[in-house]
Protein chains: 2
Amino acid sequence: MNEKLTSSLEDYLEAIYLILKENNTVKAIDVSRKLGVTRASTTEALKKLAQKKLINYGRYDAISITPLGEATAKEVVNKHKSLYEFFRYVLGASDEESQKNACAIEHIISKDVLDRIITFTQNFHKN
Amino acid sequence: MNEKLTSSLEDYLEAIYLILKENNTVKAIDVSRKLGVTRASTTEALKKLAQKKLINYGRYDAISITPLGEATAKEVVNKHKSLYEFFRYVLGASDEESQKNACAIEHIISKDVLDRIITFTQNFHKN
DNA sequence: AACATATGTTAGACATGCCTAACAATAAAA
DNA sequence: TTTTATTGTTAGGCATGTCTAACATATGTT
């Protein structure tokens, strides 16, 4: 049941969550544009996310996020944010580099190492 | 021509390089065991690496690495080592966690951010 | 050398994830 | 409201990467 999401599906879920937060509404095409994929690809991803109970969605239907989906999305967004801040403010990388690497690494880093990075960043800011 | 390797092919090349360094010889089955994949999968990967001139290899033939392949492998190994050291000695993660995360992140981190991590680790050791 | 075991290869299958092109439905404009 | 444009869906294709099972070759043992 509770299988781990693929990087790709995490990206779709994250996009839906972020768009919803800005617009209070999401359309498939917004997701397509945000991720730079075709509408066809988005349709397929939406089906899979709905099957996993992370979003509510039916044919030609509005998209909404479930509580489970929202929790999952928030986790990904937090990972992204934590990594971004580490790259940007601790390592001094550019905004673009920090974003790019956070986007890739957020899907594969372990909780243990991420937590250490978060702690490290906090201590770094204190000193 | 000089297309970037996939994460998977980088793993195979890295394994070949490391086994060669220990044994002075590699067999496909060694690679299979090291990566936890079937012999069939390794055969296919070897074909692709040979096509890209990273290894010398023909049907039922011994495997050797080309200068280009060796250079490429060394880069990956260095990325791995740098990440491992950062996780292990700067963040204080366990050996296993450090290995696991290095294995995954080595394929996707950018040169810019990696270089910053290397510098950071060096400075950390000085203080 | 003959047989047995280990290793390598191939074919065919499956899963993921992307695409294009054609079609369907909805929304906007006339 | 009828037409047009936008958005969503489906079907079919392609690439990657894995697997199993059957077969081929090589290696080791007797």
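Every chain is numbered from 1, with letters handed out A, B, ... down the list of sequences.
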Between protein and nucleic acid, restricted to nucleotides 13-15 of chain C and to nitrogen or oxygen atoms under 3.5 Å apart, what atom pairs and distances do you find?
none

Say you draw a straight line from CD of A/E10 to CD of A/E75; how long is it, rounded to the nearest 0.5 Å? 8.5 Å
Name the residue closer to the 5' end of DNA chain C, choosing between A/A45 and B/A40 according to the nucleotide with the nearest heavy atom. B/A40
Between A/L5 and A/L13 the two heavy atoms that sit nearest each other are CD1-CD2, 4.0 Å
Just N and O in the side chain of A/S41: are any of them under 4.0 Å from OP1 or OP2 of C/dG17? no
What orientation do A/F120 and B/F120 show, parallel under 30°, tilted 30 to 60°, or perpendicular over 60°? perpendicular
Under 3.5 Å side-chain donor-acceptor pair for A/Y84 and A/D95: yes
Salt bridge or not between B/D115 and B/K111? Use side-chain N to carboxylate O under 4.0 Å. yes
Is there a side-chain contact between B/V37 and B/Y12, using heavy atoms and a 4.5 Å cut-off? yes
With the threshold set at under 4.0 Å for non-hydrogen atoms, list the residues of residues 5-20 of chain B touching DNA chain D in residue-number order. B/T6, B/S8, B/Y12
Is there side-chain contact between A/R39 and A/T42, with heavy atoms separated by less than 4.5 Å? no
Parallel, tilted or perpendicular for A/H125 and A/Y89, by the 30°/60° rule? tilted
Between C/dT16 and A/K48, is there an OP1 or OP2 to side-chain N/O distance shorter than 4.0 Å? no
Between B/K100 and B/E97, is there a side-chain N and carboxylate O pair less than 4.0 Å apart? yes
When rounded to whole Å, the NZ to C1' distance for the pair B/K47 and C/dA11 reads 10 Å
Lys/Arg N to Asp/Glu carboxylate O, B/K74 vs B/E70, below 4.0 Å: yes
From CG of B/L46 across to P of C/dT10 the rounded distance in Å is 11 Å
Distance-only, no hydrogens or angles: does the B/R116 side chain make a donor-acceptor pair with backbone N or O of A/F87 under 3.5 Å? no
Give every pair of a protein N or O atom and an N or O atom of nucleotides 4-8 of chain D that lie under 3.5 Å apart, one pair per line with the distance.
| from | atom 1 | to | atom 2 | distance (Å) |
| --- | --- | --- | --- | --- |
| D/dT7 | OP2 | A/R33 | NH2 | 3.1 |
| D/dG8 | OP1 | A/A28 | N | 3.1 |
| D/dG8 | OP2 | A/I29 | N | 2.6 |
| D/dG8 | N7 | A/R39 | NE | 2.7 |
| D/dG8 | N7 | A/R39 | NH2 | 3.3 |
| D/dG8 | O6 | A/R39 | NH2 | 3.0 |

